[in-house]
Amino acid sequence: MTLVFGVQIGFVNAADGVPEVSRDVRAKAALVKLKTEKQVALLYVKGMTCPSCAIGIRVKLSKLDFVDGSRFKRGVDMDVNNQLLTVALKQGVQPNWQLIDQQIDDAGYLAMEWFSMEKNGLKTYPLLKVAE
Amino acid sequence: MRHSIFTALAGCFLATSLLADEPIMNMMPRWDEGWGYQFIEEYRHESDLLLGSRALHPGYTEDVHLLHFQSVYTWDKSIRLTAKLPYVLDARREMPDGSGGKRIEHDNGIGDATLALPLKKYFNLDGKSGSWTFKPMLRVPFSGTDDYEIYDNEWGNGLGLGYEYETAKFMVHVSTSGWVYHGNEPFESWSTLDLGYNFNAWGSNGALMWETDFHYEDDGSETLLAGPALYWNINDTAHVRIEWKHDFHDRQGVLDHGNGDVFKFSLGFVF
């Protein structure tokens, strides 16, 4: 019996090459998002490039009690070009970053940092997992 | 006598309709405790009866109409369980009757089930996400006895390997699998290269792909088929896919139908 397992294509590789967008471009997109959307949590989710693969992020986050499911698509908007995730929050509620981080991890992705609009402009905060 | 030789040869070595793709559309569910199911309606038309690359009986056709039911459960994001069960709605083929004429044969009913345990290693990079897959598989015989059988009705063990990645604009999927059967069926393998362009429209997303498959059997059979596919995310829960593949190269190690086209319509639901 001849054991033939067909082709193994060699031109694809998993190296962390040139990013899809630069950090500056992502920051500009985040700034626009925070100016136009109120009461949201905004995150950079590394690898969130395929909306269908990332449906799990929506499935997981929409179950959290502080997420406002009436906004966006079940409370979650995915910008796959910039890998930015916007989570709609209920009025007067603060996001639980640890919980968000865990749910994104369960969905198969890596939450890197979250953005905040402050007096002196856009600030980024690393998530716990990144800081470890 | 001639009649029975033809029947035995063709009956023993039918090319099975093995699907290398996994539910749901290969992509989902990627999340813990996700599950889904998918229906695939498949129609295949083969134009000639081949022996080697030669059309021994040109114009002797085979038409196969199948309905596949597939399900998936993602226990942990790196461990999936999948089950596939095909149903032959109708299969009809033309065979030589041994006296210069045609004999029509039919098959219908349940096919052989495939159970798989895809083990995934995901990677998330800046602007790119993907996975490596190692997939042990088991074929469970369920098909019955008709004039002829689309499925082999044999136990089998398979192993699949895969690699895929997506950027916001493009996707690449490469996989290969091998099957060893417990009875008379020869070893066979399927290899796949899918290239796709991702797009967003009407508040959702889709992908336009070009897919190429190579099927090899240890009896000398080999088929290279390729064609376009369109995937569309209807509402995150429902997903649809249409594909067409044409046999660009077909060689049958034993008497079998070839030179055909395959059409598939898939509807999947994921939760």
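In what follows, chains carry the letters A, B, and so on, assigned in the order in which the sequence lines appear, proteins first and then strands, with residues in each chain numbered from 1. Predicted, not measured: the structure shown is a model, and the values here were computed from it.
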Which value, rounded to the nearest 0.5 Å, describes the distance between S52(A) atom OG and N205(B) atom CG? 4.0 Å
For the residue pair N124(B) and G47(A), what are the closest heavy atoms and their distance? OD1-CA, 3.8 Å
I'd like to check I55(A) versus W31(B) (side-chain heavy atoms, cut-off strictly below 4.5 Å). Are they in contact? yes
Return the minimal non-hydrogen interatomic distance between Q83(A) and D126(B), and the atom names on each side. NE2-OD1, 2.9 Å
Quick one: SG on C53(A) to OH on Y122(B), what's the gap to the nearest 0.5 Å? 8.0 Å
Quick one: do D32(B) and K60(A) make a salt bridge, cutoff under 4.0 Å? no
4.5 Å side-chain heavy-atom contact, V80(A) and E166(B): no
Does any heavy atom of chain A fall under 4.5 Å from the side chain of D76(B), the backbone, both, or neither of them? neither
According to the salt bridge (Lys or Arg N to Asp or Glu O under 4.0 Å) rule, which pairs have a member within residues 28-43 of chain A, sequence neighbours left out? K33(A)-D77(A), E37(A)-R71(A)
Top of K77(B), R30(B), M27(B) for chain A proximity - count of heavy-atom pairs under 4.5 angstrom: R30(B)
What are the residues of residues 227-239 of chain B, in order of number, with any heavy atom under 4.5 angstrom from a heavy atom of chain A? Y231(B), N233(B), D236(B), H239(B)
Can you confirm whether Q94(A) is buried at CD, in the sense that more than 12 heavy atoms of other residues, nucleotides or ligands lie under 6.0 Å from that atom? no
Could you check whether any side-chain heavy atom of S129(B) comes within less than 4.5 Å of a side-chain heavy atom of M48(A), counting everything from C-beta outward? no
Does CH2 in W210(B) sit with more than 12 non-hydrogen atoms of other residues, nucleotides or ligands closer than 6.0 Å? yes
Can you tell me if CH2 on W97(A) sees more than 12 non-hydrogen neighbours from other groups inside 6.0 Å? yes
Atom pair CG (D106(A)) and CD (E33(B)), whose distance is rounded to the nearest 0.5 Å: 8.0 Å
Write down the atom of S204(B), the atom of K73(A), and the distance for their closest heavy-atom approach. OG-NZ, 4.3 Å
